[in-house]
Structures are given as C-alpha cells and as structure tokens.
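Remarks on the structure that follows.
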Amino acid sequence: QVQLVESGGGLVQAGGSLRLSCAATGSIFSINFMAWYRQAPGKQRELVASFTSGGSTKHVDSVKGRFTISGDNAKNTVYLQMNSLKPEDTAVYYCAADIQTTQVMGRWFRFWGQGTQVTVSS
C-alpha cells in the first residue's frame with residue numbers, strides 16, 4: 001500500500017507565500033518522478049512542476065520565478081515553495097509520483113495525493 005500525504009495548503013493574501021509538502025509512504029521500492037498538479041474550478045488539471053530522482057526540475061511558465069519544486073530522495077518527499085502568490089494560483093494542488101512498489105517489481109504506477117486547497121485572496 002502506497003500513500004501520498006500532502007500538507008501546507010491554506011488561505012493567503014496576494015503576494016504571500018506557502019510551502020506544500022508531499023510525503024510518499026508505504027511499500028515503496030523506487031520513485032523516479034514526483035510532481036505537483038493543480039486544478040482550479042471549471043478548469044482541467046495542469047502540471048505545475050516536476051522533480052526527478054536525478055534532480056531535474058521543470059516548472060510551467062506561469063509559475064517560473066515564483067514557485068520552486070525540490071525533493072528529498074531519502075525521505076521520499078517533494079516540496080513546492082510558492083512565493084508571490086496571485087489569485088489565479090487558487091486551486092486544489094495534487095501531488096503525483098511514479099513509483100515501483102515492493103509487491104510489483106519492474107512496473108511503474110502513478111499514485112496521487114488527496115489534494116490540498118490553496119486560496120489566494122486579492
């Protein structure tokens with residue numbers, strides 16, 4: 001059983017900061033990719049930032065210079081530092097990870113967190 005547990009969402013004023021955390025727990029053999037997605041009301045889920053086990057990161061253009069993804073491979077944890085938040089960043093943020101479990105070796109599965117609400121007031 002694998003779980004992704006997110007924390008750190010909340011309500012903040014425009015220009016403020018939040019830090020999201022996502023910890024993967026359970027029967028994990030290996031993780032090669034972790035990412036943050038977000039979904040605003042009435043919109044499709046979009047990839048915000050990603051982090052590979054090799055340390056490569058990517059950020060969507062709309063958050064470049066404001067958000068930073070980082071990871072701790074030893075803790076199976078990924079973070080999203082969000083600065084200079086804007087009302088348009090309001091969404092439910094989801095953590096995702098591609099994981100090999102100890103029960104099914106040799107195959108990668110995509111796991112999702114339950115989501116954490118981020119609300120930015122103007």
So do the side chains of His59 and Ile69 get within less than 4.5 Å of each other, counting heavy atoms only? yes

Evaluate whether atom CZ of Arg107 has more than 12 neighbouring non-hydrogen atoms of other residues, nucleotides or ligands under 6.0 angstrom away. no

Chi angles and distances behind the side-chain contact (heavy atoms from CB on, under 4.5 Å) call for Leu20, Thr116: CA-CA 9 Å; Leu20 306 183; Thr116 185; 4.1 Å; yes

Given side chains that start at C-beta, do those of Met82 and Val63 come closer than 4.5 Å, heavy atoms only? no

Spatial distance of atom CG (Asn73) from atom OG (Ser53) [nearest 0.5 Å]: 6.0 Å

Same cluster (ILVMFWY, side-chain, under 4.5 Å), Val12 and Leu80: yes

For a quick test of reading the model, state the closest non-hydrogen atom pair linking Ser84 to Arg66 and the distance between them. O-NH1, 3.0 Å

Side-chain heavy-atom pair Leu85, Leu18 within 4.5 angstrom cut-off: yes

Nearest 0.5 Å, please: how far is OG in Ser50 from NZ in Lys58? 6.0 Å

Is the count of non-hydrogen atoms from other residues, nucleotides or ligands lying under 6.0 Å from Phe109 atom CZ greater than 12? yes

Is it true that the NZ or CZ of Arg38 lies under 6.0 Å from the centre of Tyr94's six-membered ring and within 45 degrees of the ring axis? no

Below 4.5 Å, heavy atoms only, C-beta onward: do Leu4 and Glu6 meet side chain to side chain? no

Val92 and Val60: same hydrophobic cluster, using ILVMFWY side-chain contacts below 4.5 Å? no

Nearest-0.5 Å distance that lies between atom CD1 in Ile31 and atom CH2 in Trp108: 8.5 Å

Quick one: do Gln117 and Thr119 satisfy side chain to side chain donor-acceptor pair (under 3.5 Å)? Show the steps, please. CA-CA 6 Å; Gln117 177 70 47; Thr119 303; 3.3 Å; yes

When rounded to the nearest 0.5 Å, the distance separating CD1 of Ile99 from CD1 of Ile28 is 4.5 Å

Close side-chain approach of Cys95 and Val78, heavy atoms under 4.5 Å: yes

Could you pull out all residues at least two apart from Lys64 that satisfy salt bridge (charged side-chain N to carboxylate O under 4.0 Å, His left out)? Asp61

Centroid-centroid distance, Tyr37 to Trp112, less than 6.0 Å: yes

Can you check side-chain contact (heavy atoms from CB on, under 4.5 Å) on Gln81 and Phe67, steps first, answer last? CA-CA 5 Å; Gln81 178 65 44; Phe67 292 9; over 6 Å; no

Would a 4.5 Å heavy-atom cut-off, applied to side chains only, mark Trp36 and Cys22 as touching? yes

CZ of Phe51 to OG1 of Thr68, rounded to nearest 0.5 Å, is 12.5 Å

Please name the pair of heavy atoms, one in Ala35 and one in Leu47, separated by the smallest distance, quoted to 0.1 Å. CB-CD1, 3.7 Å

Between Thr77 (side chain only) and Lys75 (backbone N and O only), is there a donor and an acceptor less than 3.5 Å apart? yes

Would you say Gln114 has more than 12 foreign heavy atoms packed within less than 6.0 Å of its CD? yes

Hey, could you give me the CD/CG distance between Gln100 and Asp98, rounded to the nearest 0.5 Å? 10.5 Å

